[in-house]
Engineer: 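What follows is a single structure, and I will ask about it in a moment.
Protein chains get the first letters and strands the later ones, always in sequence-line order, with residue 1 at the start of each. What you see is a predicted model; the values in this text were computed from it and never measured.
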Protein chains: 2
Amino acid sequence: MTTIYDIAKLAGTSKSTVSRVVSGNGYVSKEKRENVLKAMHNLNYIPNQTARNLSQQKSNTLGFLVSDYFPLIGEFTSVFIQVARRKGYNVNLYYTQDKQGERNALDLMATKVLDGIFLMTRNNSWSVIESYKAFGPLATWHRVTLPGVYSAYVDHYPIYTMILKRLTKHGYQRIGHVFSSLRDANTQARLQALKDFSRDCPRVEVKWQKHFKKQAMAGEIAAQQWLQAKQPPQAVICYSDYVAAEFIATLRDAGKKVPEDCLVIGTDNSQIAKLVGFPTVDLCFREQAQNSFNYLYNQLHNEKLPITRLNPQWVDWGRFSDLKK
Amino acid sequence: MTTIYDIAKLAGTSKSTVSRVVSGNGYVSKEKRENVLKAMHNLNYIPNQTARNLSQQKSNTLGFLVSDYFPLIGEFTSVFIQVARRKGYNVNLYYTQDKQGERNALDLMATKVLDGIFLMTRNNSWSVIESYKAFGPLATWHRVTLPGVYSAYVDHYPIYTMILKRLTKHGYQRIGHVFSSLRDANTQARLQALKDFSRDCPRVEVKWQKHFKKQAMAGEIAAQQWLQAKQPPQAVICYSDYVAAEFIATLRDAGKKVPEDCLVIGTDNSQIAKLVGFPTVDLCFREQAQNSFNYLYNQLHNEKLPITRLNPQWVDWGRFSDLKK
DNA sequence: ATGAAAGCGCTAACAT
DNA sequence: ATGTTAGCGCTTTCAT
């Protein structure tokens, strides 16, 4: 491996000068700079990032933590990674299935192997996670209000209200719900929206409600329960597109027609919604990824990259135009 | 940040001894070890991976390079990352859209920021890529035969033949094809299979063939062409599940029935195939991810983790049972 | 403007 | 079994 020392020798100068031209910090005469550049080129020099990181106590890499894979992860990470790349940041992906694994990843901030961390999903309690704030900036996809943690959330209350009203307006009298974990703040917001809605429209039947902690199998199990219900809901709102897609696939397998027998709605605006063809709500996950990165970057550089306001939208690919407005 | 030096001081010993207990290399008396352990615990010691990497000239991290995101990437990376994790490896994801970006990532092997690299898709020519072999092991998803590059491919010839025979047996007389780039070795294998098949079964019409270099929009464009054809094929085989899904969505949008009007087949066995509900072929991408990691690991450690033989399977979720056998 | 030298935290001979 | 020492490659003060 060729090092700055080799370059220095060949260019007839010192390590310091070479370091200056490589990093672009400090003054160096035109003449010396050219010699160094020439030497770098001749020796095929590639700077050692590890040495640099050790010396500077930073790595220009962010950690992306998630517990299980679900399809939205792929889309979300891809925008996060590409946004980070443009600002010179790498990202390490960690699938941390347990508390300890997650802590190990968080620990990496202490030594600046990771400069900052985004948590898509988590294993440890928020108080544990928050304590890592001392090591570097933290952002998350969860809806939480903690002084030290940026949350890229969007309020589900108005969105859920909007969906409920729209369905009611179009004649749906029995509306079912597939929620994620009860402890989740988004679930709470949805439940509140549902409660308030029921007060206004008591005649709409909304009792069919299911809860799942994991996305895997949630849609399938919920669909099984739909199939066994005596009076199944005519429309079901799912907490994620993936769950909605699984729900639909299971109903169709059982010979049901979607959306005729049951209209199923997701809330991610992921590719899957478009492909399977069901209405969904764009909760702006792409902008959330962008905002999250910007937050971490701003913390790290004392800059002011913009954090944009999110503007959720109903999305139906023009296929459910009768549902519009 | 607390370092081994701090621990040494507190435990009344030397850095070396601390290093020995932390890394688990070398002898250290029970007594000293306990002192060190105690000190580590009291000071909340977290080893500095960067320093370790610099000293050992390795990082225990692999690079995963891909040019554009497409849905299978998410699934593929998630198994690759989790498999790597079990062996103590991290993985950095790079979306390299151009030649230079890809070279930058490959360069990282020179300084062992990356110990090895997997290329899902590539930008540079194989000869350029192969030259990086000098820095560390290389694996790819592409089908290539290069001395220094492991290819996790599976031969598409027998698979394509199998699909064609099966369709013919069930009465399909006009079979369409959506291929990826002509230069791709898998496409070549499929074309050869098609050619040989046509010799045996000249009466099956197979002229409807489309080629696409990018997955984005491929399915949609192909479907538009299907819709405009005077005599469109009764079955279409797509080179990826994602393309198949897009093809189906577009046909359905146009009021066509799938599979009644046109049977569409994918070849990834991704989650999307199951959710949209079309037959596909399991080309064992999960095992390919596993094999690729194992190869890289074996190169790095002179070990013999098994490289399993792949066994592609027709997959139809029991929904197309009339197509079976 | 440039060079010398100390240091980032850890590892690994080598010596005892 | 343990300590001393010389790196790993680069950055950054501090002189000059």
Engineer: Mind checking whether A:F118 and A:F80 have ring centres under 6.0 Å apart?
Structural biologist: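 Centroid separation for A:F118 and A:F80: below 6.0 Å.
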Engineer: Would B:R85 and A:Y94 count as a side-chain hydrogen bond (donor to acceptor under 3.5 Å, both in side chains) if you check the C-alpha gap in whole Å, the side-chain angles of each, and the deciding distance to 0.1 Å?
Structural biologist: CA-CA 8 Å; B:R85 172 78 277 142; A:Y94 299 86; over 6 Å; no
Engineer: The test is side-chain hydrogen bond (donor to acceptor under 3.5 Å, both in side chains); show your working for B:Q97 and B:E102 and say whether it passes.
Structural biologist: CA-CA 7 Å; B:Q97 321 265 17; B:E102 188 170 275; over 6 Å; no
Engineer: Tell me the interatomic distance from A:I4, atom CD1, to D:dC8, atom P, rounded to whole angstroms.
Structural biologist: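 The distance from CD1 of A:I4 to P of D:dC8 comes to 12 Å, rounded to the nearest Å.
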Engineer: Rounded to whole angstrom units, what separation is found between the CE atom of A:M40 and the P atom of D:dC10?
Structural biologist: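 For the pair A:M40 CE and D:dC10 P, the rounded distance is 10 Å.
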Engineer: Using atom OH of A:Y27 as one end and atom C1' of C:dT2 as the other, report the distance to the nearest whole Å.
Structural biologist: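 In whole Å, C:dT2 C1' lies 14 Å from A:Y27 OH.
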Engineer: Tell me which residues in residues 41-57 of chain B put a heavy atom below 4.0 Å from DNA chain C, sorted by number, or none.
Structural biologist: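 Residues of residues 41-57 of chain B that come under 4.0 Å of DNA chain C are, in numerical order, B:Y45, B:P47, B:N48, B:A51, B:R52, B:S55, B:Q56.
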Engineer: Are A:T17 and C:dG3 close enough that a side-chain N or O sits under 4.0 Å from OP1 or OP2?
Structural biologist: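 For C:dG3, OP1 or OP2 has a side-chain N or O of A:T17 closer than 4.0 Å.
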Engineer: Within the distance-only criterion (no hydrogens, no angle test), does the side chain of A:N298 pair as donor or acceptor with the backbone N or O of A:L305 below 3.5 angstrom?
Structural biologist: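 Yes.
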Engineer: Rounded off to whole Å, could you give me the NZ-to-C1' distance for the A:K9 and D:dG9 pair?
Structural biologist: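 Spelled out: NZ on A:K9 to C1' on D:dG9 is 14 Å.
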Engineer: Starting at atom NZ of A:K30, determine the distance to atom C1' of C:dT2, rounded to an integer number of angstrom.
Structural biologist: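 Going from NZ in A:K30 over to C1' in C:dT2 covers 19 Å.
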Engineer: Would you tell me if any nitrogen or oxygen in the side chain of A:T111 comes within less than 4.0 Å of OP1 or OP2 on C:dG9?
Structural biologist: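 Checking C:dG9 against A:T111, no side-chain N or O comes under 4.0 Å of OP1 or OP2.
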Engineer: Respond yes when some side-chain nitrogen or oxygen of B:S19 is under 4.0 Å from OP1 or OP2 of C:dT11, and no when none is.
Structural biologist: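 Yes, because at least one side-chain N or O of B:S19 sits under 4.0 Å from OP1 or OP2 of C:dT11.
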Engineer: By the definition side chain to side chain donor-acceptor pair (under 3.5 Å), identify the one residue from B:D98, B:T96, B:T121 that meets it with B:S67.
Structural biologist: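 Among B:D98, B:T96, B:T121, the one meeting side chain to side chain donor-acceptor pair (under 3.5 Å) with B:S67 is B:T121.
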Engineer: Bend angle of the helix from C:dA1-D:dT16 to C:dT16-D:dA1 from five-pair axes at both ends, rounded to 10°?
Structural biologist: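 That helix gives 40° between its end axes.
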Engineer: For the residue pair A:T3 and A:D6, what are the closest heavy atoms and their distance?
Structural biologist: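 Shortest heavy-atom separation between A:T3 and A:D6 comes out as N-OD2, 2.8 Å.
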Engineer: DNA chain D: B:T13 or A:V22, which has the more 5' nearest nucleotide?
Structural biologist: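 Result: B:T13.
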Engineer: Using modelled atom types only, decide if a donor and an acceptor are shared between the side chain of A:D268 and the backbone of A:S240 within a distance under 3.5 Å.
Structural biologist: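 Absent.
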Engineer: Please write out each protein N/O paired with an N/O of nucleotides 13-16 of chain C under 3.5 Å, distance rounded to 0.1 Å.
Structural biologist:
none

Engineer: Mind calculating the distance between CG (A:D6) and P (D:dG9) to the nearest angstrom?
Structural biologist: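 Interatomic distance, CG of A:D6 to P of D:dG9: 9 Å.
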Engineer: How far apart are the closest heavy atoms of B:R143 and B:A185, and which atoms are they?
Structural biologist: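 Answer, listing the atom of B:R143 first, then B:A185: O-CB, 3.4 Å.
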Engineer: For A:V128, is there any backbone N or O sitting under 3.5 Å from a side-chain donor or acceptor partner on A:S131?
Structural biologist: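 Yes.
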Engineer: Taking all non-hydrogen atoms of both residues into account, name the closest pair between A:L62 and A:Y89 and its distance.
Structural biologist: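 Where A:L62 meets A:Y89 most closely, the heavy atoms are CG-CD2, 3.8 Å.
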Engineer: Does B:K87 qualify as a cation-pi partner of B:Y297, given the criterion of NZ or CZ under 6.0 Å from the six-membered ring centre and within 45 degrees of its axis?
Structural biologist: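 Verdict for B:Y297: a cation-pi partner in B:K87.
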Engineer: Indicate whether OP1 or OP2 belonging to C:dA12 is found under 4.0 Å from a side-chain N or O atom of B:K15.
Structural biologist: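 For C:dA12, neither OP1 nor OP2 has a side-chain N or O of B:K15 closer than 4.0 Å.
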Engineer: Has B:N291 got a side-chain atom pairing as donor or acceptor with B:T308's backbone, closer than 3.5 angstrom?
Structural biologist: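 Checked: pair present.
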Engineer: When the distance from OH of A:Y5 to P of C:dG3 is rounded to whole Å, what number comes out?
Structural biologist: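 Result: 13 Å.
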